[in-house]
Structures are given as structure tokens and as C-alpha cells.
J.: 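If you scroll down you'll find the structure; I have some questions about it.
Computed from heavy atoms alone, side chains included, the values below leave out hydrogens, waters and symmetry copies. The shown structure was predicted, so the numbers you read here are calculated from the model rather than taken from an experiment. Residue numbers begin at 1 in each chain, while the letters A, B, ... track the order of the sequences.
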Protein chains: 2
Amino acid sequence: MENRVTLKELSKLLNVSISTVSKALRDSPEISPETRKKVKELAELNQYVPNALAQNLKNRKTKTIGVIIPSILPHFFAKALHGIETKAAELGYGIIICISNESREKEAESIKRLMNGRVDGLILSLSRETQASKDTSHIMDILKYRIPLVLFDRVLEEIDCDKVSINDALQAEQATIKLFQQSCRKIVYCTGISNTSVDDQRKIGYLQALESLKLDSNFVEFDTPEVASAAIQKLLKQDKMDAVLASDELSAILAMKSILKSGYRIPEDVAIIGFTNGSMSEHFVPSLTTVDQHAEEQGSLALETMVDRIEGKLPADKLNYKLETSIIQRDSTLPE
Amino acid sequence: MENRVTLKELSKLLNVSISTVSKALRDSPEISPETRKKVKELAELNQYVPNALAQNLKNRKTKTIGVIIPSILPHFFAKALHGIETKAAELGYGIIICISNESREKEAESIKRLMNGRVDGLILSLSRETQASKDTSHIMDILKYRIPLVLFDRVLEEIDCDKVSINDALQAEQATIKLFQQSCRKIVYCTGISNTSVDDQRKIGYLQALESLKLDSNFVEFDTPEVASAAIQKLLKQDKMDAVLASDELSAILAMKSILKSGYRIPEDVAIIGFTNGSMSEHFVPSLTTVDQHAEEQGSLALETMVDRIEGKLPADKLNYKLETSIIQRDSTLPE
DNA sequence: CTGAAAGCGCTTACAG
DNA sequence: CTGAAAGCGCTTACAG
């Protein structure tokens, strides 16, 4: 039941100075091999663990990265976080996670909490409120204090920092074209995540595709599942829908359920492509054709970029990765 | 582009001592109101943020809790984490998250990483390897250093610490009896998470129920989805299954898919109850009747217990919460 | 090869 | 009401 042992205590036990103990433990050539050995043995015996707080204070670095995400419940963020954590462990870094819950205020609070020496850098996926309001003063503070910042997935181009995201507009455009190629002419865009940069980008891609294909657009935007289902069933009844491009997993699943319930077949009557490749996409019957957002890779690349930045391995100019994505063909669209 | 300002710098600007600045900022009555005001204004102007590392070192507490979980991908852990984070934010604490990836070694590493002054306490859900091997020496180290420890969900009774879990055995027993009451006589236990305390407990409950009901047991244990599906289809063919008790969400979904694919009806031919109430349970067709594990509440209670322990509000005797759970009736069992 | 000293940025008991 | 001093636990340039 002892308390943690310190350098001071070890030095007393050995009748040497604290400096000697410290150097011996870090294998400094200044110290004689015998002393080094003695010190290390005693340290081992007493299960000495250096106090990270003191080390960090002295070294002015913490080997930990702060991560702020809007939520952890959507599969995308859980996977991205997994990618971040895995890469961090690999590179010898730890992570501190805060969840903004889509709120700008909580995001700003978390930033404050972390900007006080606790972390060497911040990885952020912006909250919906921040993206909607475009009020990024709290983000600018990070830059002002010269704390490295990496934005991922939900990025804002005007912020001068490293970024990792997928080319959502391009993907949405290609997905729309794919639906067109399956003879769909009434392609409806369905989203439960309005007001995020990713959703905006996807809408842009969708509209671009429609314009070049000379088709009309149609949107279902919702906050609650009930609203979504009602809107979809209405469109079906009015014969205004033979395909769905869904911006998030939940809206894709809700759409499929409404479609099946109304007696239509997937993909013969209505084809669907979703974003986010979660477990529901894989296991629903029929399984959902999705744009793979490479959540884990985004997370892993964001962390790697951060560490490279911290360790000065990157040029001064900020990086802006746009990951290539691919469409995972499943049963909600016709086979090629 | 300035660097972060310190007490020392503020004190120089104001021509007072560091102590005065420090006390003024903490509203000490020792300092005159005018000085306090002046100091605070300058601090505000310079966006002074106290260095948490230095504060923590001095105060010997960090107001942050370490959380080590086996994985973040299963919905249960994502939800539990959400509960932990929410409650932590509410109580003014931060959390540091490590993922053990079900490995005892990574778990031990994370513990070492966190036990060096970084956190005030540790919340843990044990990795599968640790639970299987029962080698808990790395956990004992935590206790030895008098670091508060709360175990949740995957607990081990022999460890002397606060615990939060659900009564898995009882729940499994009741779920089994519920299936019996729907005239099921060939109830198969299906699991993809063998060798965890929760699975062991559920098996115990299942077997207890079967014994009192004088029924035979039958197990499907698997590592890959293919194995599960094959095993289930075999049992169906041999007419050895009219109900499934599934220990995790994935095995429940896999079972349902196999059953439907083999042409049986749910719940008329085969009824199913699962554990873990994730999004797939809710949205699969038919939706899955599940035992609600109260993931968020487990997380939130674990964190609250931790904070109470740290702040000395708890008796010396360790607490052992067993949360009441309930069965969420959906379409994979007959209505009551 | 070893140790005394300064310092990271803060807090607080004590003196004045 | 204000400040000098000690200390949290470490690291490292410097002296010996």
C-alpha cells in the first residue's frame, strides 16, 4: 500500500543525488555503468514510474493529442476514433477525447480545457453548430496560440490548418450518376445531417450531377425518423421517387424501411445508395450500397499528420488531404 | 501569434508579485478589491489560461479520469462512453480514453501510461484476454498504488474495487423463461463473445432456466459470421431450434438472417431475444426484442461513483451496483 | 563520474 | 494588503 516512489526517495536510498538518479535512468553516458545498474535495479524494485506531469511541465510537451468530435454514437465517428487511437498507440502518443455533442459552446469549452498545456495538438471534427454558424473564433484561438490543429471529415476550408477529408461532392456526384445509369430518373436526396460541411458538399455533388443529367432535384431533410418516413412515403405515392441518395446511414435505413413497407422492391423499383459504411448497411436486408468514407483511414491519417506536424517533419504550408473513396456494391442497387 | 502568457509575465506587467497575481485570480480575500480587478482585467486582456500541468503537479490532482475499454466499435461501448463523457463534463472532469482491443498487454500498457500522475482514477471494462486468463496482476498494481478504480460491465468479483454491472445471469434466466412462455422448447444460446464475464454470467442464467424448465441446452459459439450462419442453419435443419437467446447484437442479427433465409418465420417459427440494444436491433426487420443493458447509465454511474470516491464522499467499503434491466419488447418475440 | 542549482508554472503557509 | 520562499517531481547546463 505504498505511495508512488519519486526520484528524491530513490536518491536517498542510494545516497546519491537526484540528478544522478535521473541521468542513470535515462541511460546517460555521463553516469558510470555500475551506478546506472544499481539505480535501475532499485527503480525496478520499487516500481518507479516517472511522474508524467512533472516531465511534461519540464519538457513542454505531453505526447498526448486532444480529440474533439461531435458525437461518438454514429458509427463513422466511432470508427474514426478507433483509427486515431490505434495510430496514436503505434506512435507512442495518448489521446484525450472530448465530445461536443454538436454544440459550439461545448466545443469551445473543450478547446479551452485542452489548450492549457494538457495536449501537444488538437484534432477536430467540427460540430454542426459551428459549421452552421460559421463562427469560428474559438477555433482561431487555437491557431493564435500556435497549437497544431488538424481538422478531419467536417472541415472548413477557410481555416488555415492541416485537413483530412473525403471528396464528398465528387462522391455524391458519382453515386448520383451510378443511379442514373441504372435507369433511375427521379433521384431523391435524403439527409438527417443538414448544416454540416459534408452534407453541403454532397448536396453540391448531387445537384451538379442532376444538372448535367438534366434531372429535377428533390430533398427530404428531417430531424426525427417519423418526419423522414412520412416524407418518403408521400413521394412514393406521388410517383416522384425511383432512387435515393442518402447522406447518412440512418436516413438510408429509414428510407429502405419506408419503401419496403409501401410494397416497393429494392433495387428494382427504388435503388438506394448511402454514405457511411456502418454495421446496419452491411446487415440490413437488402444490404445497402454505400460510399465508403474510410473512417478509420481518415482518423489514422489525421493523427499521423498531427504527429508529423508536432515533430517538425512537415513543410510550413498546410496539407489538405482529400481521400479517394469507393462505392461498395451491395444489394440496394442493381449489380453492374 | 504570441505564446501563452504566464503568471510571471502578468506580474511583471503589473509590477506586483507572482503570489499576488495568483491569489487575485482565485479571488482570495487577502487581496484588495482594486488589485483583484486590475489583475483580472489584464489576465482577460491577455487571454491568460493557467497551465493545467503546473496546477495539477502542485495540487496533486488532475480532475481527469482514465477510461480503458476493450473496443469502441460495438454499440454498447460507444454508448457507455457517451454516458461517461456526459457525466464527466457535468461534474467538471475530463476523460482520457484508451482502447485495449481485447488484449491484456495493451490493457496493462494503458494502465502504466495513465498511472503516472495523469489521472485521478481509472474506469475499466476488462479485456477478453484478461477475463479469460484471470491474470489480473496489472489490475492489482492500480490498487497497490491506491488509485481509485471502478470496473463496469465486464467486472471480476474478486477484485476489491467499486463495480457497476447488470445482473446478466438473472436477465438471461428471465429471457429464457420468456421464450419458454411463448411455447419454445428448443432454445439455443448463441454467442460471439465467449470468454467474457458477461457471457459467462448469461450462460449461467440460461442453464439455470433450462434446468428448472427441464429443457436441453444447445450452444452456438463462433468467431466469424460464416461459422455462426452455418451452425444455425444446421440446427434448423435438424429441427433442434425454435428460439434463440443471443449474447451479443451481431449474433442475434446473424441468427435472424439465417433463419429468414432458411424460410422460417420470426417469431412464429423461431423467436429471438438478444442482449445489447443497438441500432441494428431497432432497425432490422423484424426488429429485435432485447435485454436493455443500460449502457449509458452504466457509464454514467461508473463515472459518478469514481468522482464520489475521489472526493471522499463514499464509505471505505466498496460499492457493487447491479443495475436493474428490462426487456424491450419488439417484433422478434410474440406480443404479450 | 557526480552533484548543486536553476527552472518548468503554479499554490500556499508564513512573514512583514 | 503584499511578497519572499518553499515545494510539487522532474530535467539539464554547468561546475567540480
J.: Determine, for R113(A) against E109(A), whether the closest basic-nitrogen to carboxylate-oxygen distance falls under 4.0 angstrom.
T.: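 No.
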J.: Name the residue from L124(A), L301(A), T305(A), I69(A) that meets the side chain to side chain contact (heavy atoms under 4.5 Å, CB included) definition with F152(A).
T.: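 Among the candidates, only I69(A) passes.
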J.: Looking at P50(A), is its backbone amide N or carbonyl O close enough to the side chain of Q55(A) to form a donor-acceptor pair, meaning the two atoms are under 3.5 Å apart?
T.: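 No, the answer is negative, given that no donor and acceptor are paired below the 3.5 Å cut-off.
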J.: Between S125(B) and D153(B), does any side-chain donor sit less than 3.5 Å from a side-chain acceptor?
T.: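 No.
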J.: If you look at every strand shown and take non-hydrogen atoms under 4.0 Å, does E30(A) touch a base, only sugar-phosphate, or nothing?
T.: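 Here E30(A) touches the bases of the nucleic acid.
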J.: So, S133(B) side chain and E129(B) main chain: donor-acceptor pair closer than 3.5 Å or not?
T.: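 Side chain of S133(B) to backbone of E129(B), a donor-acceptor pair under 3.5 Å: yes, one is there.
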J.: Hey, does S19(B) reach any base, or is it just sugar-phosphate, or nothing, if we go heavy atoms under 4.0 Å?
T.: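 The residue S19(B) makes base contact.
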J.: Select from T20(B) and L57(B) the residue whose nearest nucleotide in DNA chain D is closer to the 5' end of that strand.
T.: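 Result: T20(B).
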J.: With P as the reference atom in both, quote the distance from dC10(D) to dC1(C) in angstrom, rounded to an integer.
T.: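 It works out to 25 Å between them.
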J.: Look at all strands and tell whether T6(A) reaches a base, only sugar-phosphate, or nothing, counting heavy atoms closer than 4.0 Å.
T.: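 Here T6(A) touches the backbone only, sparing every base.
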J.: When you list every nucleotide of DNA chain C with an atom under 4.0 Å from a heavy atom of chain A, which one comes first 5' to 3', and which comes last?
T.: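 Contact boundaries, 5' end first: dC1(C) to dG9(C).
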J.: Please tell me which of A54(B) and R26(A) maps to the more 5' nucleotide of DNA chain D, matching each residue to the nucleotide holding its nearest heavy atom.
T.: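 Checking each residue's closest nucleotide, the 5'-ward one belongs to A54(B).
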J.: Just by distance, no angles: are the side chains of S197(A) and Q131(A) close enough, under 3.5 Å, to form a donor-acceptor pair?
T.: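 Yes, Q131(A) and S197(A) have a side-chain donor paired with an acceptor closer than 3.5 Å.
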J.: Regarding K8(A), tell me which of base, sugar-phosphate or nothing describes its non-hydrogen contacts under 4.0 Å with the strands shown.
T.: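 The residue K8(A) makes sugar-phosphate contact but no base contact.
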J.: Give one of base, sugar-phosphate or nothing for N59(B), where a contact means two heavy atoms less than 4.0 Å apart.
T.: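 Result for N59(B) = sugar-phosphate.
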J.: Would you classify T35(A) as touching base, sugar-phosphate or nothing, given that sugar-phosphate means primed atoms plus P, OP1 and OP2, and contacts are heavy atoms under 4.0 Å?
T.: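 Sugar-phosphate contact only - T35(A) comes under 4.0 Å of backbone atoms but never of a base.
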J.: Can you give each donor-acceptor pair under 3.5 Å made by side-chain atoms of residues 71-82 of chain B, sequence neighbours left out, with the distance rounded to 0.1 Å?
T.:
from	atom 1	to	atom 2	distance (Å)
S71(B)	OG	L73(B)	N	3.1
K79(B)	NZ	N277(B)	O	3.0

J.: Tell me, do D135(A) and R104(A) make a side-chain contact under 4.5 Å, heavy atoms counted?
T.: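 D135(A) vs R104(A): side chains touch.
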J.: If only side-chain N and O atoms count, and only distance matters, is there a donor-acceptor pair under 3.5 Å linking T20(B) with S17(B)?
T.: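 Short answer, yes.
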J.: Convert the base pairs of DNA chain C into dot-bracket notation, remembering that pairs crossing earlier ones are written with [ ] and that bases paired across to another strand are shown as |; include only Watson-Crick or G-U pairs under 3.5 Å.
T.: |||.||||||||.|||
